2 protein chains.
Amino acid sequence: MQIIILAGGSGTRFWPLSRRQRPKQFLSLEGGTSLLQQTCSRLEGLADPEDVWVCTTERLAPAVREQLPQVPAHQVLAEPQGRNTAAAIGWSVSCIPESLREGAVAVLPADHRMADGPAFRQVLDQARQAVEERDLVLTLGIRPHRAETGYGYLELGEVLDQGSGLRRVSRFREKPDLATAESYVSSGNFLWNGGIFVFRGTTLLSLLEHHQPELSSGLKAIAAEPHRLAELYAELPSTSIDYGLMEKIDVIGTLPLDCGWSDLGSWQALWEVAAKDDAGNAFGGPGAETSAALQIAARDNLVWSEGAAVALVGVEGLAVVNTGDAILVMPREQAQEVKAVVERLAAQQREDLL
Amino acid sequence: MQIIILAGGSGTRFWPLSRRQRPKQFLSLEGGTSLLQQTCSRLEGLADPEDVWVCTTERLAPAVREQLPQVPAHQVLAEPQGRNTAAAIGWSVSCIPESLREGAVAVLPADHRMADGPAFRQVLDQARQAVEERDLVLTLGIRPHRAETGYGYLELGEVLDQGSGLRRVSRFREKPDLATAESYVSSGNFLWNGGIFVFRGTTLLSLLEHHQPELSSGLKAIAAEPHRLAELYAELPSTSIDYGLMEKIDVIGTLPLDCGWSDLGSWQALWEVAAKDDAGNAFGGPGAETSAALQIAARDNLVWSEGAAVALVGVEGLAVVNTGDAILVMPREQAQEVKAVVERLAAQQREDLL
């Protein structure tokens with residue numbers, strides 16, 4: 001199985017810890033190695049480093065190669081510019097040698113969390129078998145526990161394999177509105193799209209040829225004249241794999257993934273999965289132990305500090321993040337609003353803090 | 001007039017900014033010079049540096065001499081150990097040459113704020129005249145605006161001088177309970193003791209001889225054998241000037257002091273006197289300007305940061321203080337609780353953060 005890790009993200013939702021030069025996939029949010037490194041090491045026993053391809057941006061490629069020295073350097077693919085996930089996946093697949101493209105290819109986001117590695121590997125291996133046996137596009141499905149409007153939803157259809165739980169997806173619906181999301185969740189017949197796709201490489205390229213002909217011909221042009229990558233890549237249509245392909249095709253299958261998945265989409269999401277003290281406070285970063293001992297009548301807070309001891313007194317439900325040059329204090333549950341801070345810094349051209 | 005500045009305090013209420021080696025009087029809470037330096041420079045035109053005596057501890061004396069190079073070094077008096085304000089004031093007065101002790105002596109806390117320097121100087125000069133004319137112990141009185149239980153209260157008696165507003169104090173009551181404080185404030189007939197005393201040096205020593213004979217004889221022993229200071233000072237009774245003398249004597253007068261006084265007793269008190277943006281947020285420290293530009297739906301907060309930019313999103317009424325090695329986040333109005341953090345650090349023997 002060939003693996004494509006999508007590592008071009010430049011999200012701002014973990015500011016001030018995430019920066020332009022250090023986006024989320026490079027962070028060690030729970031200590032130890034980075035999310036990118038974990039994504040790679042999680043494959044152990046399932047795919048060798050020589051089977052791993054990482055799609056990232058030119059700016060981030062050096063950091064990827066540094067964090068993943070075991071992956072062949074030429075398999076760290078540097079997009080000249082971001083053209084969204086359909087282009088990134090299509091280009092990555094077309095970079096895989098033709099002989100290997102016939103087999104299963106898995107696409108993994110670089111910045112997700114899986115608490116249970118063995119369970120993840122088992123499902124990914126079942127997915128590989130499934131696409132080898134049946135020519136489906138598989139997306140691993142997460143049991144939804146809230147009416148999230150930022151995800152895609154998979155409507156469960158025909159059971160294809162009792163043992164693995166493989167089912168056909170009768171409908172793929174990206175980012176529904178709240179009422180729709182609520183009805184999906186309460187019906188019990190939908191899974192979240194976890195952003196992990198498995199398919200035969202050749203199948204993916206055929207589907208693009210049919211549903212995204214402009215993208216497909218652009219990728220062929222790049223393959224024919226790789227020295228014109230920068231120029232040709234810039235002309236690729238920009239669309240997500242979800243809107244651009246998944247919503248259009250009817251050969252989707254899903255396997256349920258129950259492995260403590262989180263896309264760690266915000267400080268709030270990190271707090272949800274983090275270990276907590278008796279008062280519900282969670283701590284991260286090099287200053288964690290000292291901070292943990294300095295909580296007084298403080299409940300349900302997330303403290304992430306690079307160095308400084310953080311004393312909280314009588315506060316509840318806050319995210320407090322310190323990186324030495326910047327400090328963020330906000331209610332955890334408003335964590336999405338951090339983007340407003342980043343926008344303001346951009347307007348002020350504070351490159352040092354972006 | 002001779003001036004005694006009491007600069008031996010080791011308060012913890014501005015932690016993490018205040019530390020054992022850098023207590024409040026050395027801080028520049030509102031930018032510019034420190035509270036100690038302001039206390040000294042505020043006297044300009046009223047007393048020369050040669051007339052200033054600073055009573056502090058052995059540990060803090062070098063920092064005092066560094067911050068106040070204009071004060072003769074031998075007039076920075078270093079207590080071998082703290083024995084409370086009655087001893088500190090008595091000892092300081094007895095260090096003043098006998099010829100000067102006959103005249104007015106003013107005792108000033110090193111860490112109070114006076115917004116209006118000229119008004120302060122005018123009242124202090126009136127106080128000097130008053131003690132030269134009448135042999136009273138004067139304490140400058142602050143119009144109370146809340147039922148504070150941590151201060152002393154002066155009950156106003158006979159008017160002694162219409163022009164300056166000099167009045168006899170019929171009763172001096174240190175730290176009343178809340179109900180009493182409320183009745184005092186609503187009566188309109190009480191002022192707060194601002195901790196600023198003016199008296200003839202000789203009068204103060206006579207009063208101590210009468211009301212604190214043990215302290216008085218201890219001070220005489222020190223004067224006779226100054227080389228035994230460490231040993232003799234340790235034996236002085238430890239009491240405050242308020243309980244030990246002011247509550248016992250009936251020769252107290254007061255002048256009302258209306259000069260934007262604050263004892264800056266907490267982060268809350270600093271917020272109260274600070275300049276604020278339209279949303280009620282106040283900023284201090286070297287990072288103030290950057291932080292001020294990063295407030296989003298944040299109201300009535302105090303941000304004090306040594307360097308790092310502090311972004312607040314959707315929070316209200318917090319004190320957020322950063323010193324690089326420590327960060328404090330708490331509701332402003334609970335600011336007194338910061339002592340609990342300091343106690344915990346002491347229990348953990350975190351000398352680096354104390």
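We name chains A, B, ... by the order of the sequence lines, and we start the count at 1 in each one. For clarity, every value in this text was computed on a predicted model and none was experimentally measured.
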J.: Can you tell which part of Gln348(B) gets under 4.5 Å to a heavy atom of chain A, answering side chain, backbone, both or neither?
T.: side chain

J.: Shorter than 4.5 Å, heavy atoms on both sides: which option in Val303(A), Asn301(A), Leu312(A) has the most such pairs with chain B?
T.: Leu312(A)

J.: Count the heavy atoms belonging to other residues, nucleotides or ligands that lie under 6.0 Å from CZ of Arg13(A), then report whether that count exceeds 12.
T.: no

J.: Measuring heavy-atom distances to chain B, does Val320(A) have an atom under 4.5 Å in its side chain, in its backbone, in both, or in neither?
T.: side chain

J.: Counting a contact as any heavy-atom pair under 4.5 Å apart, which residues of residues 327-334 of chain A contact chain B?
T.: Ile327(A), Leu328(A), Val329(A), Met330(A), Pro331(A), Gln334(A)

J.: Quick one: does Leu345(B)'s side chain get under 4.5 Å of Leu294(A)'s, heavy atoms only?
T.: yes

J.: Taking non-hydrogen atoms and a cut-off under 4.5 angstrom, which of residues 260-284 of chain A neighbour chain B?
T.: none

J.: Looking only at non-hydrogen atoms, find the nearest pair between Gly324(A) and Ala308(B) and report the distance.
T.: O-CB, 3.2 Å

J.: Pick whichever of Ala319(B), Gly314(B), Ala297(B) has the most heavy-atom pairs under 4.5 Å with chain A.
T.: Gly314(B)

J.: Looking only at heavy atoms and a cut-off of under 4.5 Å, which of Asn322(B), Val321(B), Val313(B) has the most pairs with chain A?
T.: Val313(B)

J.: For atom CD of Glu351(B), is the number of surrounding heavy atoms from other residues, nucleotides or ligands below 6.0 Å larger than 12?
T.: yes

J.: Could you tell me which portion of Ala293(B) (side chain, backbone, both or neither) has an atom closer than 4.5 angstrom to a non-hydrogen atom of chain A?
T.: both

J.: Is any side-chain heavy atom of Val315(A) closer than 4.5 Å to a side-chain heavy atom of Val315(B)?
T.: no

J.: List the atom of Gln295(A), the atom of Arg344(B), and the distance in Å for their closest heavy-atom pair.
T.: O-NH1, 2.9 Å

J.: Hey, are the side chains of Ile296(B) and Glu337(A) touching, using non-hydrogen atoms and a 4.5 Å cut-off?
T.: no

